[in-house]
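Since the structure comes first, as structure tokens, the remarks are kept for the end.
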Amino acid sequence: MKKESLEQAKQVYAIEAECIQQMANYFDEEAFSKAAELLKNADRIGTCGCGHSGIICQHFSHLLCCIEQPSRFISPAEAPHGATGFLQKGDVMIFASRGGKTKELLPILDICKTNGVKVITVTENLESPLAQGADVILKQFVNRETDKYNSQGTTSSTALAVIFHILQTILIEETGFKNEQFAVIHPGGAVGERLNNH
């Protein structure tokens with residue numbers, strides 16, 4: 001490994017740790033409370049984003065299913081071709097877009113608003129179209145990406161995942177979800193073995 005590679009590698013810990021620590025300064029109790037209330041009462045939850053944001057949205061949909069909050073990732077490519085029919089009035093769509101202007105998501109926002117679907121947007125840009133069209137905005141903070149060009153979706157992916165982890169943590173408390181429920185729906189793997197052998 002080149003010396004420069006090793007130096008860059010070690011900086012990743014510091015960059016991402018700094019990001020998470022600074023994110024705490026942007027924790028908005030009112031916004032997270034409103035988001036949790038919408039999610040708790042939704043029959044169905046959609047998540048939607050492009051690129052790295054979309055991948056982390058898929059992760060969040062799985063986390064929601066793990067606590068019995070029915071969710072699915074809705075592809076930005078499929079959404080304007082009928083996939084938004086998954087969501088009905090009173091359900092929730094979560095958009096993730098660091099800049100809040102992702103052009104593929106804007107038509108989907110319009111569909112959600114027309115059909116009475118509540119919208120939560122996670123973004124850095126509170127003045128963006130996706131933020132302005134949301135019922136709840138969760139502020140994303142990113143200090144910088146970990147690569148030397150500050151261009152790859154690394155730290156920003158971590159920051160988004162942390163916001164989603166906070167939401168799941170809140171929902172476990174607010175819904176009274178029990179580990180015994182998780183044992184029933186997660187019998188597989190090491191976790192399932194641990195949960196079901198007590």
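Note that the structure is a prediction, hence the values are computed from the model and not measured.
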More than 12 heavy atoms of other groups within 6.0 Å of Glu29 CD: no
Do you know which two heavy atoms are closest between Ser53 and Ala96, and how far apart they sit? CB-O, 3.5 Å
Checking the side chain of Asp147 only, and the main-chain atoms of Gln152 only, is there a donor and an acceptor separated by less than 3.5 Å? yes
Val12-Met23 co-clustered via ILVMFWY side chain contacts under 4.5 Å: no
Do Leu105 and Cys50 make a side-chain contact, defined as non-hydrogen atoms from C-beta onward lying under 4.5 Å apart? yes
To the nearest 0.5 Å, how far apart are CD in Gln8 and CD in Glu4? 9.0 Å
Applying the side chain to side chain contact (heavy atoms under 4.5 Å, CB included) criterion to Phe95, which one of Leu106, Thr102, Thr121, Ile120 satisfies it? Thr121
Determine whether Ser156 and Glu124 satisfy the following criterion, side-chain contact (heavy atoms from CB on, under 4.5 Å), listing intermediate values before the conclusion. CA-CA 10 Å; Ser156 52; Glu124 270 193 317; over 6 Å; no
Backbone of Gln140 reached by a side-chain donor or acceptor of Arg98 within 3.5 Å: no
Flag yes if more than 12 heavy atoms outside Glu7 fall under 6.0 Å of its CD atom; otherwise flag no. yes
Hey, are the side chains of Pro76 and Cys48 touching, using non-hydrogen atoms and a 4.5 Å cut-off? yes
Evaluate the side-chain proximity of Ile74 to Glu78: yes if any heavy-atom separation is below 4.5 Å, no if none is. no
What about Val162 and Leu39, same hydrophobic cluster or not, with Ile/Leu/Val/Met/Phe/Trp/Tyr joined at side-chain heavy-atom distances under 4.5 Å? yes
Of all heavy-atom pairs between Ala31 and Val136, which one has the smallest distance, and what is that distance? O-CG1, 3.4 Å
Side chain of Ser71, backbone of Ile45: donor and acceptor closer than 3.5 Å? yes
Taking the basic N atoms (NZ, or NE/NH1/NH2) and the acidic carboxylate oxygens, is any pair closer than 4.0 Å for Glu37 and Lys40? yes
Kindly give the heavy-atom pair with the smallest separation between Asp91 and Ala42, and that separation in Å. CA-CB, 4.2 Å
Can you find a pair of side-chain heavy atoms, one from Gln69 and one from Leu63, that are under 4.5 Å apart? no
Can you tell me how far CD of Glu174 sits from OG of Ser33, rounded to the nearest 0.5 angstrom? 7.5 Å
Walk me through whether Ile15 and Thr154 qualify under side-chain contact (heavy atoms from CB on, under 4.5 Å). CA-CA 10 Å; Ile15 291 169; Thr154 50; over 6 Å; no
Measuring only between side-chain heavy atoms, which start at C-beta, is Ile56 closer than 4.5 Å to Leu160? yes
Taking every non-hydrogen atom, the tightest pair across Glu68 and Pro70: O-CD, 3.4 Å
Write down the atom of Ile108, the atom of Ala79, and the distance for their closest heavy-atom approach. CD1-CB, 3.4 Å
So NZ of Lys148 and OG of Ser5: to nearest 0.5 Å the spacing works out to 8.5 Å
Gap between atom OG1 of Thr47 and atom CZ of Phe164 - 0.5 Å precision: 7.0 Å
Quick one: do Asn150 and Glu145 satisfy side-chain contact (heavy atoms from CB on, under 4.5 Å)? Show the steps, please. CA-CA 5 Å; Asn150 188 27; Glu145 306 292 8; 3.5 Å; yes
Tell me whether Ile55 shares a hydrophobic cluster with Ile94, the cluster being built from Ile, Leu, Val, Met, Phe, Trp, Tyr side chains joined at under 4.5 Å. no
Joint hydrophobic cluster, Leu167 plus Phe27, side-chain heavy atoms closer than 4.5 Å: yes
So, taking the atom named NE2 in His59 and the one named CG in Leu64, what distance separates them when rounded to the nearest 0.5 Å? 10.0 Å
Give a yes or no answer on whether the side chain of Asn115 reaches the backbone of Val117 with a donor-acceptor pair at less than 3.5 Å. no
Please test Thr123 against Leu130 for side-chain contact (heavy atoms from CB on, under 4.5 Å), starting from the C-alpha separation and ending with a verdict. CA-CA 8 Å; Thr123 183; Leu130 284 171; 5.9 Å; no
For His62, I'd like to know if atom NE2 has over 12 heavy atoms of other residues, nucleotides or ligands within 6.0 Å. no
Of all the heavy-atom pairs spanning Phe141 and Ala159, show the shortest one and how long it is. O-CB, 3.5 Å
Please report the interatomic distance OG1(Thr146) to OH(Tyr13), rounded to the nearest 0.5 Å. 11.5 Å
Do Val119 and Leu138 share a hydrophobic cluster, counting only Ile, Leu, Val, Met, Phe, Trp and Tyr and linking them when any side-chain heavy atoms are less than 4.5 Å apart? no
With a 4.0 Å cut-off on N to O distance, would you call Lys113 and Asp135 a salt bridge? yes
Return yes if some donor-acceptor pair links the side-chain N/O of Thr155 with the main-chain N/O of Arg144 below 3.5 Å, else return no. yes
